[in-house]
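Numbers here are sequence positions counted from 1.
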Amino acid sequence: MKDLKHLIYFENLLQQANNELIAEAKKKGGIAVAYTCENVPEPLLNLGKCFSIRLSAPQTGSMDIATYYMTNLLCEPSRALLERAIEGGYNFADCVITPDGCTMINRCVENMELLKTMGQGNDKFFHEYMEIAFKDKPADYDLSVLQCTNHILKPLHENYGVDISDKAIRKAVEKHNKMVKVIRDIGEFRKGDKPRITGYEFHVLCLATYVCPADLIMKKLEETLEELKTREPDEKDWRCKILLVGSEVDDSSFIKLIEDNGAMVCCDRFCFGSYPGRTEIVLNDEEDALTQVCRHYIQNCQCPRMMNQEKVYSRKQYVADLADEYNVDGIIYQQVKFCDPWAYERMLGSSMLIHDYGYPVLSIDRPYNASSSAGQLRTRVQAFVESIEIKKIQRGGTK
């Protein structure tokens, strides 16, 4: 296929945590609100002049200093983020908001605060730690409203004078939905036997919506959507189509590795992916916007920290429904090394998707930076793709 016009531009934005668009937004008076977990209601971080930036650590190499503070038993993302913070990679942040999504990320941000890695010269800088729900019940919606009020809205208003009114929240949701619609419409071109965008290309675009000020990339996202409407797909057939499930994927080279072996990543269900992270928030006029936003995030949450039985089993059904919608041949269930919540979820989920839903599943744990273990990952993906092809032959070419 012809190269996407803006792909290199987006790839370059992902090469460093403090990218050029963050600097541009700050120069215009923007307030950089850093966060670390998909459970934080994103529109609440984009009120007024605020813009949300999900912390990531591209091009991660050594994590020796972070390991000294956190031990090598904690997950690689938490150590990679702390290492980058110590290096000064997040000096752009005007505040950091962290939910108790897991103890490892909490430990990471606590070390950032103790070591004073951010906020130098900014007397308004603050750290906030949120409690978030474990279940999907009415009481959990109330908890979320209270936590978002005390740890997001009030601190932003008191320190930076941010408008936190119902009207302001509705406006932020409207902007959020506009971005969500564009990225979901782009993702639709992954469907079919002749997709017009690869999984790698889509991941680059989707990841950019989390780590860049959304306002500054919207025009190029919209241009890419228009470009895809007339883009001629490749004539070659992919060996199989894959649904990628699990913890966050900050390294696009991991998806490229999969696709270099002939497996098209036509759908994603992982932290900070398009499912469920890029879902429209529908508001009514009867309730306040904050309550509706909080309820939306809890009801749509697919995080393994949600412990009620309905959520535990519905997460597997959610994956199976996506696999059916995108007509995939197999599922890769992945987890970053030492991520405890996703380790348990991967074990149960991969087993259920094989035995209860009949999908071939490759279950792997991987490093945060995929290039550090590219050879082993490539071998496992190659074997998985070949096993799917053998099953296709045995079944006469049908799934």
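Sparse packing is recorded around OH of Tyr344, with 12 or fewer heavy atoms of other residues, nucleotides or ligands lying under 6.0 Å away. Within 6.0 Å of atom CG in Asp193, 12 or fewer heavy atoms from other residues, nucleotides or ligands are found, so the atom counts as exposed in its surroundings. Within 6.0 Å of CD on Glu174 lie no more than 12 heavy atoms contributed by other residues, nucleotides or ligands. Atom NZ of Lys194 sits in a crowded spot, with more than 12 heavy atoms from other residues, nucleotides or ligands closer than 6.0 Å. Counting heavy atoms of neighbouring residues, nucleotides and ligands inside a 6.0 Å radius, atom CD1 of Ile8 does not exceed 12 of them.
A salt bridge is defined here as a Lys NZ or Arg NE, NH1 or NH2 lying under 4.0 Å from an Asp or Glu carboxylate O, and Arg295 with Asp140 fails to meet this definition. A salt bridge does not link Asp251 with Lys256: every distance from a Lys NZ or Arg NE/NH1/NH2 to an Asp or Glu carboxylate oxygen is 4.0 Å or more. Ion pairing between a basic and an acidic side chain is recognised when a charged N comes within 4.0 Å of a carboxylate O; Glu227 and Lys2 show no such pairing. A salt bridge between Glu188 and Lys191 is present, with a side-chain N of the basic residue lying under 4.0 Å from a carboxylate O of the acidic one. For the pair Arg190 and Asp268, the salt-bridge criterion is met [side-chain N within less than 4.0 Å of a carboxylate O]. Of the charged side-chain nitrogens involved, none lies within less than 4.0 Å of a carboxylate oxygen, so that Asp356 and Lys316 do not count as a salt-bridged pair. The pair Lys220-Glu223 does not meet the salt-bridge criterion, since no charged nitrogen lies less than 4.0 angstrom from a carboxylate oxygen. Between Glu389 and Arg239, at least one side-chain N (NZ, or NE/NH1/NH2) sits under 4.0 Å from a carboxylate O, which counts as a salt bridge. A salt bridge is absent between Glu42 and Lys175; no separation between the charged side-chain nitrogens and carboxylate oxygens falls under 4.0 Å. Using a 4.0 Å cut-off between a side-chain N of Lys or Arg and a carboxylate O of Asp or Glu, Arg79 and Glu83 do not qualify as a salt bridge.
No hydrogens or angles considered: nothing links the side chains of Asp64 and Thr67 as a donor-acceptor pair under 3.5 Å. Checking Thr209 against Arg278 by side-chain atom types alone, a donor-acceptor pair falls below 3.5 Å. The closest side-chain donor-acceptor pair between Tyr200 and Glu11 falls under 3.5 angstrom. Donor-acceptor pairing under 3.5 Å is recorded for the side chains of Ser373 and Gln376. Checked by atom type, the side-chain pair Asp365/Gln335 shows no donor-acceptor distance below 3.5 Å. Gln299 and Asp136 share no donor-acceptor pair across their side chains, judged by distance under 3.5 Å alone. In this model, a donor atom of one side chain and an acceptor atom of the other lie less than 3.5 Å apart for Asp321 and Gln317. Side-chain contact of Glu310 with Asn308: a donor-acceptor pair under 3.5 Å is present, judged by distance alone.
A cation-pi geometry, defined here as NZ or CZ lying under 6.0 Å from the six-membered ring centre and within 45° of its normal, does not hold between Arg84 and Tyr90.
In this structure, OG1 on Thr291 lies 14.5 Å from NE2 on His296, to the nearest 0.5 angstrom. Interatomic distance, CZ of Arg380 versus CG of Leu362, reported as 5.0 Å (0.5 Å rounding). For the atom pair CD of Gln302 and NZ of Lys311, the computed distance is 5.5 Å after rounding to the nearest 0.5 Å. Here the CD-CZ distance, from Glu24 to Phe51, works out to 10.0 Å after rounding to the nearest 0.5 Å. With rounding to the nearest 0.5 Å, the separation of CG in Asn261 from CE in Met264 is 15.0 Å. Ser52 OG to Ile97 CD1: the interatomic distance, rounded to the nearest 0.5 Å, is 10.0 Å.
Aromatic ring orientation, Tyr129 versus His127: parallel (interplanar angle below 30°, classes split at 30° and 60°).
Note: His355 and Tyr357 fail the aromatic proximity criterion, with ring centroids not under 6.0 Å apart.
When atom types are taken as modelled, the side chain of Asn19 and the backbone of Gln15 share no donor-acceptor pair closer than 3.5 angstrom. Side chain of Asn327 to main chain of Ala323: no donor-acceptor pair is present (N/O by atom type, distance under 3.5 Å, no hydrogens or angles).
Counting all heavy atoms, side chain and backbone alike, Thr198 lies closest to Glu259 at CB-OE1, 3.4 Å. Scanning all heavy atoms of the two residues, the minimum distance from Met112 to Leu81 falls at CE-O, 3.5 Å.
Evaluation of the side chain to side chain contact (heavy atoms under 4.5 Å, CB included) rule for Asp94 yields Lys26, Ile31, Ala32, Asn122, Tyr160 as partners, not counting sequence neighbours.
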Evaluation steps, salt bridge (charged side-chain N to carboxylate O under 4.0 Å, His left out), between Glu280 and Lys181:
CA-CA 7 Å; Glu280 181 184 7; Lys181 185 177 187 311; over 6 Å; no
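Among residue pairs with one or both ends in residues 221-272, those qualifying as ring pair (Phe, Tyr, Trp, His ring centres under 6.0 Å) are His203-Phe270, Tyr210-Phe272; sequence neighbours excluded.
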